[in-house]
Amino acid sequence: MAAKAADVPVQVQSVSSRTLLSHIEVTGTVTSSRSATLSTAVSGLVADLAVDEGDRVAKGDALLTLDAEIARLRLERANAEVNQRETDLADSMRRFSEAESIGETRGIARTQIESLRAEVGSDEAALVVAQVAAREQQALLERHTLRAPFAGVISSRDTELGEWVSPGSGLLGLVAMDDLRFDFRVGQENFSAFSAQAPATITLDALADISFDGFVDTIVPIKDPSARTFLVRVLADEAAATNALNITPGMSVRGRFNVDSGRNGITVSRDAI
(Lines give C-alpha, C1' and ligand atoms only; values in the text may rest on other atoms or scores of the structure.)
Protein backbone atom coordinates (compact mmCIF):
# COMPACT_ATOMS: atom_id res chain seq x y z
CA MET A 1 0.00 0.00 0.00
CA ALA A 2 2.87 2.38 0.81
CA ALA A 3 4.48 1.68 -2.57
CA LYS A 4 1.27 2.44 -4.45
CA ALA A 5 0.78 5.73 -2.57
CA ALA A 6 4.30 6.78 -3.52
CA ASP A 7 3.50 6.25 -7.20
CA VAL A 8 0.69 8.85 -7.21
CA PRO A 9 1.95 11.90 -9.17
CA VAL A 10 2.04 15.14 -7.21
CA GLN A 11 1.99 18.60 -8.80
CA VAL A 12 3.09 21.71 -6.98
CA GLN A 13 1.00 24.86 -7.45
CA SER A 14 2.05 28.32 -6.40
CA VAL A 15 -0.23 30.40 -4.26
CA SER A 16 -0.69 34.08 -4.95
CA SER A 17 -2.10 37.14 -3.29
CA ARG A 18 -4.76 39.03 -5.21
CA THR A 19 -7.76 41.26 -4.74
CA LEU A 20 -10.85 39.34 -3.73
CA LEU A 21 -14.04 39.93 -5.64
CA SER A 22 -17.45 40.25 -4.09
CA HIS A 23 -20.62 39.14 -5.85
CA ILE A 24 -23.56 41.51 -5.65
CA GLU A 25 -26.95 40.50 -7.01
CA VAL A 26 -29.73 43.07 -7.34
CA THR A 27 -33.04 43.42 -9.15
CA GLY A 28 -33.90 46.26 -11.48
CA THR A 29 -36.01 47.41 -14.40
CA VAL A 30 -35.62 47.68 -18.16
CA THR A 31 -35.87 51.34 -19.17
CA SER A 32 -35.86 53.24 -22.44
CA SER A 33 -33.30 55.84 -23.42
CA ARG A 34 -36.11 58.06 -24.74
CA SER A 35 -39.57 58.50 -23.30
CA ALA A 36 -41.77 61.54 -23.90
CA THR A 37 -45.19 62.90 -23.12
CA LEU A 38 -46.26 64.65 -26.32
CA SER A 39 -48.29 67.82 -26.58
CA THR A 40 -49.36 70.20 -29.32
CA ALA A 41 -47.72 73.59 -29.84
CA VAL A 42 -51.05 75.35 -30.46
CA SER A 43 -54.57 75.14 -29.10
CA GLY A 44 -57.44 73.62 -31.02
CA LEU A 45 -60.00 70.87 -31.49
CA VAL A 46 -58.74 67.34 -32.15
CA ALA A 47 -59.87 66.61 -35.70
CA ASP A 48 -57.95 63.39 -36.36
CA LEU A 49 -56.32 60.84 -34.07
CA ALA A 50 -54.22 58.38 -36.04
CA VAL A 51 -52.81 56.20 -33.23
CA ASP A 52 -53.85 54.23 -30.20
CA GLU A 53 -52.01 52.64 -27.29
CA GLY A 54 -49.58 49.96 -28.44
CA ASP A 55 -49.13 51.30 -31.99
CA ARG A 56 -45.61 51.44 -33.35
CA VAL A 57 -44.70 54.67 -35.12
CA ALA A 58 -41.74 55.94 -37.11
CA LYS A 59 -40.05 59.28 -36.66
CA GLY A 60 -42.08 61.98 -38.38
CA ASP A 61 -45.37 60.06 -38.49
CA ALA A 62 -48.51 62.18 -38.02
CA LEU A 63 -50.06 61.17 -34.71
CA LEU A 64 -52.73 63.80 -34.14
CA THR A 65 -54.19 66.69 -36.14
CA LEU A 66 -56.10 69.72 -34.91
CA ASP A 67 -58.82 71.54 -36.81
CA ALA A 68 -56.78 73.95 -38.96
CA GLU A 69 -59.45 75.72 -41.05
CA ILE A 70 -58.84 79.13 -39.46
CA ALA A 71 -55.06 78.71 -39.75
CA ARG A 72 -55.38 77.88 -43.46
CA LEU A 73 -57.54 80.97 -44.08
CA ARG A 74 -54.99 83.15 -42.31
CA LEU A 75 -52.24 81.66 -44.43
CA GLU A 76 -54.21 82.39 -47.60
CA ARG A 77 -54.64 86.01 -46.49
CA ALA A 78 -50.92 86.27 -45.70
CA ASN A 79 -50.01 84.88 -49.13
CA ALA A 80 -52.40 87.35 -50.78
CA GLU A 81 -50.66 90.16 -48.90
CA VAL A 82 -47.32 88.94 -50.24
CA ASN A 83 -48.67 89.00 -53.78
CA GLN A 84 -49.98 92.55 -53.31
CA ARG A 85 -46.64 93.74 -51.91
CA GLU A 86 -44.79 92.15 -54.82
CA THR A 87 -47.07 94.01 -57.26
CA ASP A 88 -46.54 97.33 -55.42
CA LEU A 89 -42.78 96.83 -55.47
CA ALA A 90 -42.71 95.99 -59.16
CA ASP A 91 -44.73 99.14 -59.94
CA SER A 92 -42.58 101.45 -57.82
CA MET A 93 -39.38 100.00 -59.31
CA ARG A 94 -40.76 100.57 -62.83
CA ARG A 95 -41.65 104.20 -62.14
CA PHE A 96 -38.31 104.85 -60.47
CA SER A 97 -36.40 103.26 -63.35
CA GLU A 98 -38.29 105.37 -65.91
CA ALA A 99 -37.75 108.58 -63.97
CA GLU A 100 -34.07 107.90 -63.48
CA SER A 101 -33.53 107.07 -67.16
CA ILE A 102 -35.26 110.28 -68.29
CA GLY A 103 -33.53 112.36 -65.67
CA GLU A 104 -33.58 116.04 -64.93
CA THR A 105 -32.91 116.90 -68.60
CA ARG A 106 -36.49 115.94 -69.38
CA GLY A 107 -37.98 118.05 -66.66
CA ILE A 108 -38.15 115.54 -63.78
CA ALA A 109 -36.87 117.10 -60.58
CA ARG A 110 -34.16 115.33 -58.57
CA THR A 111 -36.38 115.44 -55.49
CA GLN A 112 -39.06 113.50 -57.37
CA ILE A 113 -36.52 110.87 -58.42
CA GLU A 114 -35.30 110.49 -54.82
CA SER A 115 -38.88 110.24 -53.65
CA LEU A 116 -39.46 107.36 -56.05
CA ARG A 117 -36.25 105.72 -54.80
CA ALA A 118 -37.54 105.96 -51.22
CA GLU A 119 -40.85 104.46 -52.32
CA VAL A 120 -39.00 101.46 -53.76
CA GLY A 121 -37.19 100.99 -50.44
CA SER A 122 -40.45 101.23 -48.53
CA ASP A 123 -42.12 98.67 -50.80
CA GLU A 124 -39.14 96.32 -50.41
CA ALA A 125 -39.42 96.50 -46.61
CA ALA A 126 -43.18 95.95 -46.78
CA LEU A 127 -42.64 92.86 -48.92
CA VAL A 128 -40.16 91.42 -46.41
CA VAL A 129 -42.66 91.98 -43.59
CA ALA A 130 -45.42 90.27 -45.60
CA GLN A 131 -43.16 87.31 -46.43
CA VAL A 132 -42.21 86.86 -42.76
CA ALA A 133 -45.89 86.98 -41.78
CA ALA A 134 -46.68 84.32 -44.39
CA ARG A 135 -43.91 82.06 -43.11
CA GLU A 136 -45.20 82.54 -39.57
CA GLN A 137 -48.68 81.48 -40.62
CA GLN A 138 -47.24 78.48 -42.47
CA ALA A 139 -45.36 77.44 -39.32
CA LEU A 140 -48.52 77.80 -37.22
CA LEU A 141 -50.46 75.69 -39.72
CA GLU A 142 -47.83 72.93 -39.59
CA ARG A 143 -48.00 72.96 -35.79
CA HIS A 144 -51.60 71.80 -35.99
CA THR A 145 -50.19 68.34 -36.74
CA LEU A 146 -48.41 66.50 -33.93
CA ARG A 147 -45.64 64.29 -35.32
CA ALA A 148 -43.53 61.61 -33.65
CA PRO A 149 -40.14 63.07 -32.61
CA PHE A 150 -38.59 59.59 -32.66
CA ALA A 151 -39.57 56.00 -33.47
CA GLY A 152 -41.25 54.02 -30.74
CA VAL A 153 -44.50 52.70 -29.27
CA ILE A 154 -47.47 54.75 -28.11
CA SER A 155 -47.61 54.00 -24.39
CA SER A 156 -50.64 56.14 -23.50
CA ARG A 157 -53.43 58.16 -25.12
CA ASP A 158 -55.10 60.83 -23.05
CA THR A 159 -57.30 62.63 -25.58
CA GLU A 160 -60.16 61.92 -27.95
CA LEU A 161 -61.71 63.33 -31.12
CA GLY A 162 -63.51 66.61 -30.57
CA GLU A 163 -61.63 67.55 -27.41
CA TRP A 164 -60.14 71.02 -27.06
CA VAL A 165 -56.47 70.78 -26.20
CA SER A 166 -53.91 73.38 -25.21
CA PRO A 167 -50.10 73.55 -25.33
CA GLY A 168 -48.55 71.71 -22.41
CA SER A 169 -51.37 69.21 -22.00
CA GLY A 170 -50.04 65.65 -22.17
CA LEU A 171 -51.86 63.94 -25.02
CA LEU A 172 -49.77 60.93 -26.05
CA GLY A 173 -46.98 58.94 -24.44
CA LEU A 174 -44.17 57.71 -26.69
CA VAL A 175 -41.45 55.26 -25.66
CA ALA A 176 -38.47 54.26 -27.83
CA MET A 177 -37.89 50.51 -28.09
CA ASP A 178 -34.23 50.59 -29.11
CA ASP A 179 -31.15 51.34 -27.00
CA LEU A 180 -32.72 49.83 -23.90
CA ARG A 181 -31.01 50.20 -20.52
CA PHE A 182 -31.05 48.22 -17.30
CA ASP A 183 -31.46 50.29 -14.15
CA PHE A 184 -30.64 48.94 -10.70
CA ARG A 185 -31.13 50.49 -7.28
CA VAL A 186 -28.15 49.47 -5.20
CA GLY A 187 -27.80 49.83 -1.44
CA GLN A 188 -25.67 52.68 -0.14
CA GLU A 189 -23.24 50.28 1.55
CA ASN A 190 -22.04 49.16 -1.91
CA PHE A 191 -21.61 52.63 -3.40
CA SER A 192 -17.80 52.65 -3.20
CA ALA A 193 -17.56 49.17 -4.77
CA PHE A 194 -19.01 50.18 -8.16
CA SER A 195 -17.11 51.86 -10.95
CA ALA A 196 -17.78 52.74 -14.57
CA GLN A 197 -17.22 49.94 -17.11
CA ALA A 198 -17.46 47.27 -14.38
CA PRO A 199 -18.75 43.98 -15.89
CA ALA A 200 -22.21 42.67 -15.18
CA THR A 201 -24.32 39.64 -16.07
CA ILE A 202 -27.94 40.39 -16.93
CA THR A 203 -30.89 37.99 -16.65
CA LEU A 204 -34.50 38.90 -17.35
CA ASP A 205 -37.24 37.28 -15.29
CA ALA A 206 -39.33 36.89 -18.45
CA LEU A 207 -36.44 35.12 -20.22
CA ALA A 208 -34.82 33.25 -17.36
CA ASP A 209 -32.92 30.89 -19.64
CA ILE A 210 -31.15 33.75 -21.44
CA SER A 211 -28.30 35.74 -19.91
CA PHE A 212 -26.02 38.27 -21.52
CA ASP A 213 -23.07 40.39 -20.51
CA GLY A 214 -23.11 44.10 -19.90
CA PHE A 215 -21.15 46.87 -18.27
CA VAL A 216 -21.83 49.74 -15.90
CA ASP A 217 -22.44 52.83 -18.00
CA THR A 218 -23.58 55.37 -15.41
CA ILE A 219 -23.55 55.68 -11.65
CA VAL A 220 -25.85 58.36 -10.30
CA PRO A 221 -24.48 59.30 -6.86
CA ILE A 222 -27.79 60.65 -5.57
CA LYS A 223 -29.40 58.37 -3.05
CA ASP A 224 -33.11 57.73 -2.75
CA PRO A 225 -33.59 59.15 0.78
CA SER A 226 -36.45 56.78 1.55
CA ALA A 227 -34.67 53.59 0.45
CA ARG A 228 -31.02 54.66 0.88
CA THR A 229 -30.16 53.46 -2.62
CA PHE A 230 -28.44 54.92 -5.67
CA LEU A 231 -28.84 54.24 -9.38
CA VAL A 232 -26.53 51.98 -11.38
CA ARG A 233 -27.31 51.95 -15.12
CA VAL A 234 -26.07 49.03 -17.21
CA LEU A 235 -25.81 48.68 -20.99
CA ALA A 236 -25.53 45.39 -22.89
CA ASP A 237 -22.18 44.58 -24.51
CA GLU A 238 -23.99 43.80 -27.75
CA ALA A 239 -26.96 46.15 -27.99
CA ALA A 240 -27.99 44.78 -31.38
CA ALA A 241 -28.32 41.27 -29.95
CA THR A 242 -30.51 42.41 -27.06
CA ASN A 243 -32.68 44.48 -29.40
CA ALA A 244 -33.49 41.24 -31.23
CA LEU A 245 -34.89 39.75 -28.01
CA ASN A 246 -38.48 40.32 -26.95
CA ILE A 247 -37.55 42.91 -24.32
CA THR A 248 -39.71 45.89 -23.45
CA PRO A 249 -39.35 48.75 -20.97
CA GLY A 250 -40.84 47.96 -17.59
CA MET A 251 -39.68 44.34 -17.45
CA SER A 252 -37.97 43.19 -14.26
CA VAL A 253 -34.32 42.23 -14.57
CA ARG A 254 -31.64 40.74 -12.34
CA GLY A 255 -28.02 41.80 -12.37
CA ARG A 256 -24.93 40.10 -11.01
CA PHE A 257 -21.87 42.28 -10.42
CA ASN A 258 -18.34 41.21 -9.57
CA VAL A 259 -16.91 44.12 -7.63
CA ASP A 260 -13.75 44.76 -5.71
CA SER A 261 -14.26 43.75 -2.09
CA GLY A 262 -11.40 45.96 -0.94
CA ARG A 263 -9.57 42.99 0.60
CA ASN A 264 -6.63 40.85 -0.55
CA GLY A 265 -6.40 37.12 -0.02
CA ILE A 266 -4.29 34.07 -0.74
CA THR A 267 -5.59 32.16 -3.74
CA VAL A 268 -4.67 28.82 -5.21
CA SER A 269 -5.82 26.98 -8.30
CA ARG A 270 -8.98 24.94 -7.76
CA ASP A 271 -7.31 21.91 -9.38
CA ALA A 272 -4.65 21.92 -6.67
CA ILE A 273 -7.12 21.28 -3.89
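- Distance alone, capped at 3.5 Å, is enough to place a donor-acceptor pair between the Ser92 side chain and the Asp88 backbone.
- Considering only heavy atoms from C-beta on, Ser155 stays 4.5 Å or farther from Leu174 through its side chain.
- Geometrically, Arg117 does not engage Phe96 in a cation-pi contact, judged by NZ or CZ lying under 6.0 Å from the ring centre and within 45° of the ring axis.
- Contact of the Ile154 side chain with the Asp52 side chain is not registered, since no non-hydrogen atoms from C-beta on lie closer than 4.5 Å.
- For the side-chain hydrogen bond (donor to acceptor under 3.5 Å, both in side chains) with Asp183, the lone residue among Thr218, Thr31, Thr29 that qualifies is Thr31.
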(request) Could you give me the CA-CA distance, side-chain angles and deciding distance for Arg34 and Val175, then say whether side-chain contact (heavy atoms from CB on, under 4.5 Å) is met? (result) CA-CA 6 Å; Arg34 289 172 295 178; Val175 179; over 6 Å; no

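- Judged purely by atom type and a 3.5 angstrom limit, Arg94 has no side-chain atom pairing as donor or acceptor with the backbone of Ala90.
- Although no hydrogens or angles enter the test, the distance criterion places a donor-acceptor pair under 3.5 Å between the side chain of Ser101 and the main chain of Ser97.
- Using a 4.5 Å heavy-atom threshold, the side chains of Arg256 and His23 count as touching.
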| request: Decide yes or no on side-chain contact (heavy atoms from CB on, under 4.5 Å) for Phe184 and Val234, but give the supporting numbers first. | output: CA-CA 8 Å; Phe184 300 93; Val234 174; 3.8 Å; yes

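- Contact check for Thr159 versus Leu171: side-chain heavy atoms found under the 4.5 Å cut-off.
- For Arg85 and Glu81, the salt-bridge test passes: some basic side-chain N is under 4.0 Å from an acidic carboxylate O.
- Between the side chain of Ser35 and the backbone N or O of Ser32, no donor-acceptor pair lies under 3.5 Å.
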(Q) Between Val51 and Leu172, does the side-chain contact (heavy atoms from CB on, under 4.5 Å) criterion hold? Intermediate values first, please. (A) CA-CA 9 Å; Val51 295; Leu172 298 170; 4.0 Å; yes

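- Under the 4.5 Å side-chain contact rule for hydrophobic residues, Leu235 and Leu180 do not share a cluster.
- A salt bridge is absent between Glu53 and Arg157: the closest approach of a Lys/Arg side-chain nitrogen to an acidic carboxylate oxygen does not fall below 4.0 angstrom.
- Between the Thr229 side chain and the Gly187 main chain, no donor and acceptor come within less than 3.5 Å of each other.
- Side chains of Leu89 and Val120 form a contact here, defined as non-hydrogen atoms less than 4.5 Å apart.
- Cluster annotation: Val186 is connected to Val30 through the hydrophobic network of ILVMFWY side chains, with a link wherever side-chain heavy atoms come within less than 4.5 Å.
- At least one side-chain heavy atom of Thr145 sits under 4.5 Å from a side-chain heavy atom of Arg147.
- Leu140 is connected to Val46 through a chain of hydrophobic side-chain contacts under 4.5 Å among Ile, Leu, Val, Met, Phe, Trp and Tyr, so both are in one cluster.
- Both Val216 and Val26 are assigned to one and the same hydrophobic cluster, defined by single-linkage of ILVMFWY side chains at heavy-atom distances under 4.5 Å.
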side-chain contact (heavy atoms from CB on, under 4.5 Å) between Val153 and Asp55, intermediate numbers included
CA-CA 6 Å; Val153 172; Asp55 290 347; over 6 Å; no

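- Between Val253 and Asp205 there is no side-chain heavy-atom pair separated by less than 4.5 Å.
- In this structure, Ser156 contributes its side chain and Gly173 its backbone to a donor-acceptor pair below 3.5 Å.
- Panel note: side chain Asp61, backbone Leu63; no donor-acceptor pair is recorded below 3.5 Å.
- Put simply, Leu66 and Leu45 are part of two different groups of oily side chains (I, L, V, M, F, W, Y) that touch within less than 4.5 Å, one to the next.
- Between Ser166 and Ser39 the shortest heavy-atom distance is O-OG, 3.8 Å.
- The aromatic rings of Phe182 and Phe212 are tilted relative to each other, their planes meeting at an angle between 30° and 60°.
- Between the side chains of Ser211 and Thr203, at least one donor N or O lies within less than 3.5 Å of an accepting N or O.
- Formation of a donor-acceptor pair under 3.5 Å by the Glu163 side chain with backbone atoms of Glu160 is found in this model.
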